[in-house]
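One structure is given below, encoded as structure tokens.
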Amino acid sequence: MTERFSHPDEATSSQGVAHVHGGSKELAPRPLPLGQALVPISSHVSRKSELYQTRSYVDSHGTYFSQQQQASEENESAHSKGSSTENEKFREVTWDSDDDPMNPKNLPTWKKWMIVVVLACGSLCVTFTSSVYTTTYEKMDAEFGNSRIVATLGLALYVFGLGLSPMMLGPLSEFYGRRPIYVIGFTLFLIWLIPSAVARNIQTMLIARFFDGFSGSAFLSVAGGTVGDMFNKEQLAAPMMIYSAAPFLGPGIGPIVGGFINYHISWRWTYYVTLIWAGVMVVAIAVLVPETYAPVVLRNKARKKRAETGDDAWKAKIEVTEKSILWTIIHSLYRPFLILFLDPMCFSLCLFSAILLGILYLFFGAFPLVFSVVYEFNLWQTGLSFLGILIGMLIAICSDPIWHYLYIHQLDKHEQRTGTRASEPEFRLPSSIVGSWFCVVGLFWFGWTIYPSVHWIVPIIGTGFFGCGIILTYVGIFTFLVEAFPLYAASALSANSFARSSFAGAFPLFGRQMYNTLGFHWATTLLALLTLVMAPFPYLFYVYGKRLRAKSRFSPEKH
């Protein structure tokens, strides 16, 4: 074989067709004898003489398979099924059938939902810890002698840790599976709660808060994948809605629980309670959550098969994959920024979701100020003021059947129009279209009803619209990003996570100053105007999204 290619990703198939990534033209050299394997040709002698590279459809990571396995698969089309290849380097271990009990999708329904509940409670605990901290400010500041802005850094650093961890630690699940990430991540989360509970100065608290958020996010970064591992696409909506809502319910529950604790007993009991919860979750995860990442499950199956048969030729595909952990992490670090800043749709939707989460975290400082000044609420009453947001979020979760019905309706209309029953990413946006305007209405409602002459329940009802809008907007944006960028779904979600965490960490640092300077009404109006500017984007992408996706450099048609 003497053909040479200038692009390092080029590979030649055994039928004699050279496929060039990036849209370059294809070459058609002379067909090789049946069963002869090809190797990648580059400007130097390939060191991977027994493997050939293909483009993975999960964030473009390189994947290698045995040449002899490829040749064997070709020979099977010409020879009888009983024939075997003597030179075969390995025999691939796959599922025995569609009903293979080791396949995570074949787990009993009750067990799937048990795992979903455990993961949701774990996510709830991690995000609960982010906001419950804000109820300790008064007593902690008095003990440590620090200013309120320094105390707020503990919230910002925790949320920054939540945003950084998925890009660095999430890819490790590709090599070791999801279960080790869960157990190690949540154990470290538990350990870093201890310095917070026993801290004697604000410096210890700030350092512990950052590493606590970083460790907890390692759990968050892969838990959503487990839900996808177990449920088919048709079954995914309900469990994903529950899991996706948990990280947003946590911040709403935190001030409610923390308000009662810090009003009646020492602020350190805030962390003792969280430690107990986290300890229970570590045990539940270790006992109840199995490995669900299919390549790793198949690797375990291959090890079992080798032990039973004594034949070392049985291998799972992941065992013959040459992927560098370091380069996988590097790719996961820079690719989210590429898709975030180079794709207008991803940038706009990530910016919108980041603003919404930033406002939510800003409220952890603004609500105690507003309700204590306007309505003279004490600490536990201020915590209860977050019930409006929490109830709004629960209402949004319960509305899932409505959006599922609309999704099916759009599929039916698409089938009538084109004759093909296929989903479009834009079909996921109706909830975001409605939710974005709920956020706008809720913020204006809250901003202009916080008067002593207006009953306190009225502005809290306004925050309920905001809470409902956040969930509806986020669920639509998340599912749209996954379907719009299927080759880069993990990167798109990492970009979204980074943007949200950046805003959620930054907004609380200026929230109280903004409310004191502009006044309660105009400060909230400024936040409402930000959401008003961003609210039309889900509708615009619903109408024009298909055309914009066709022009995107991250479109699957261009890869």
Side-chain angles (χ1 to χ4, degrees), residues 9 19-24 55-61 166-167 224-225 228 233-234 236-237 240 244 331-332 334-356 403-404 406-437 472-500 533-559:
D9 281 341
H19 299 283
V20 182
H21 292 300
S24 303
R55 182 76 170 255
S56 167
Y57 285 89
V58 182
D59 273 13
S60 305
H61 297 142
M167 290 187 288
K233 191 173 182 179
E234 298 77 14
L236 195 58
M240 189 58 78
S244 299
H331 276 252
S332 72
Y334 77 79
R335 193 181 293 115
F337 293 100
L338 290 180
I339 193 170
L340 177 62
F341 293 111
L342 298 181
D343 187 271
M345 285 195 299
C346 184
F347 177 80
S348 301
L349 294 177
C350 288
L351 178 61
F352 188 21
S353 58
I355 289 173
L356 292 180
W403 311 112
H404 182 67
L406 288 176
Y407 176 71
I408 299 300
H409 178 66
Q410 291 175 100
L411 286 178
D412 293 339
K413 288 181 63 177
H414 185 270
E415 184 177 16
Q416 293 173 3
R417 187 171 64 253
T418 65
T420 304
R421 191 175 182 80
S423 176
E424 297 284 350
E426 290 73 25
F427 295 171
R428 303 292 188 176
L429 287 175
S431 65
S432 295
I433 295 172
V434 175
S436 60
W437 292 105
L472 294 180
T473 303
Y474 273 44
V475 169
I477 288 176
F478 287 169
T479 51
F480 174 81
L481 290 176
V482 170
E483 293 195 16
F485 306 101
L487 304 185
Y488 305 98
S491 293
L493 293 181
S494 292
N496 186 276
S497 175
F498 177 81
R500 287 185 290 115
V533 171
M534 301 302 300
F537 281 98
Y539 177 75
L540 292 176
F541 294 147
Y542 180 79
V543 176
Y544 302 107
K546 188 169 185 178
R547 280 177 260 179
L548 292 172
R549 284 189 291 111
K551 298 177 182 179
S552 173
R553 69 180 66 194
F554 301 101
S555 171
E557 288 78 12
K558 296 185 179 180
H559 294 270

In Å and rounded to the nearest 0.5 Å, what is the CG to CG distance from Leu406 to Leu429? 12.5 Å
Indicate the atoms forming the closest heavy-atom contact of Ser436 with Ile433, along with that distance. OG-O, 2.9 Å
Is the closest side-chain heavy-atom distance between Arg428 and Ile477 below 4.5 Å? no
If you compare all heavy atoms of Pro425 against all heavy atoms of Phe480, which two are closest, and at what distance to 0.1 Å? O-CD1, 3.3 Å
Search all heavy atoms of Tyr474 against all heavy atoms of Ala354 and return the closest pair with its distance. OH-N, 4.3 Å
Between Thr479 and Gly476, which heavy-atom pair has the shortest distance, and what is it? OG1-O, 3.2 Å
Can you say whether the rings of Phe341 and Phe347 are parallel (under 30°), tilted (30 to 60°) or perpendicular (over 60°)? tilted
Under 3.5 Å, side chain of His414 to main-chain N/O of Thr420, donor-acceptor pair present? yes
Kindly indicate whether the side chain of Tyr542, heavy atoms from C-beta on, has any atom under 4.5 Å from the side chain of Ser432. no
CD of Glu426 to CD of Gln410: how many Å apart, nearest 0.5 Å? 9.5 Å
Heavy-atom closest contact (Leu340 atom, Ala495 atom, distance): CB-CB, 3.8 Å
Measure the CG-CZ distance between Leu338 and Arg335 for me, rounded to the nearest 0.5 Å. 8.0 Å
Show your reasoning for whether side-chain contact (heavy atoms from CB on, under 4.5 Å) applies to Ser423 and Tyr407. CA-CA 9 Å; Ser423 176; Tyr407 176 71; 2.8 Å; yes
dist Leu548:CG -> Phe541:CZ (nearest 0.5 Å) comes out at 6.5 Å
Mind listing the closest non-hydrogen atom pair of Ser348 and Met534 along with its distance? O-CE, 3.4 Å
So, taking the atom named OG1 in Thr473 and the one named CZ in Phe352, what distance separates them when rounded to the nearest 0.5 Å? 5.0 Å
Rounding to 0.5 Å, atoms CE (Met345) and NZ (Lys551) come to a distance of 11.0 Å
With a 4.5 Å heavy-atom cut-off, do Trp403 and Val475 have their side chains touching? no
State whether the side chain of Ser353 and the backbone N or O of Cys350 hold a donor-acceptor pair below 3.5 Å, judged by distance alone. yes
So, the side chain of Ser552 versus the backbone of Asp343: is there a donor-acceptor pair under 3.5 Å, distance only? no
When you compare the side chain of Arg500 with that of Asn496, does any pair of heavy atoms fall below 4.5 Å? yes
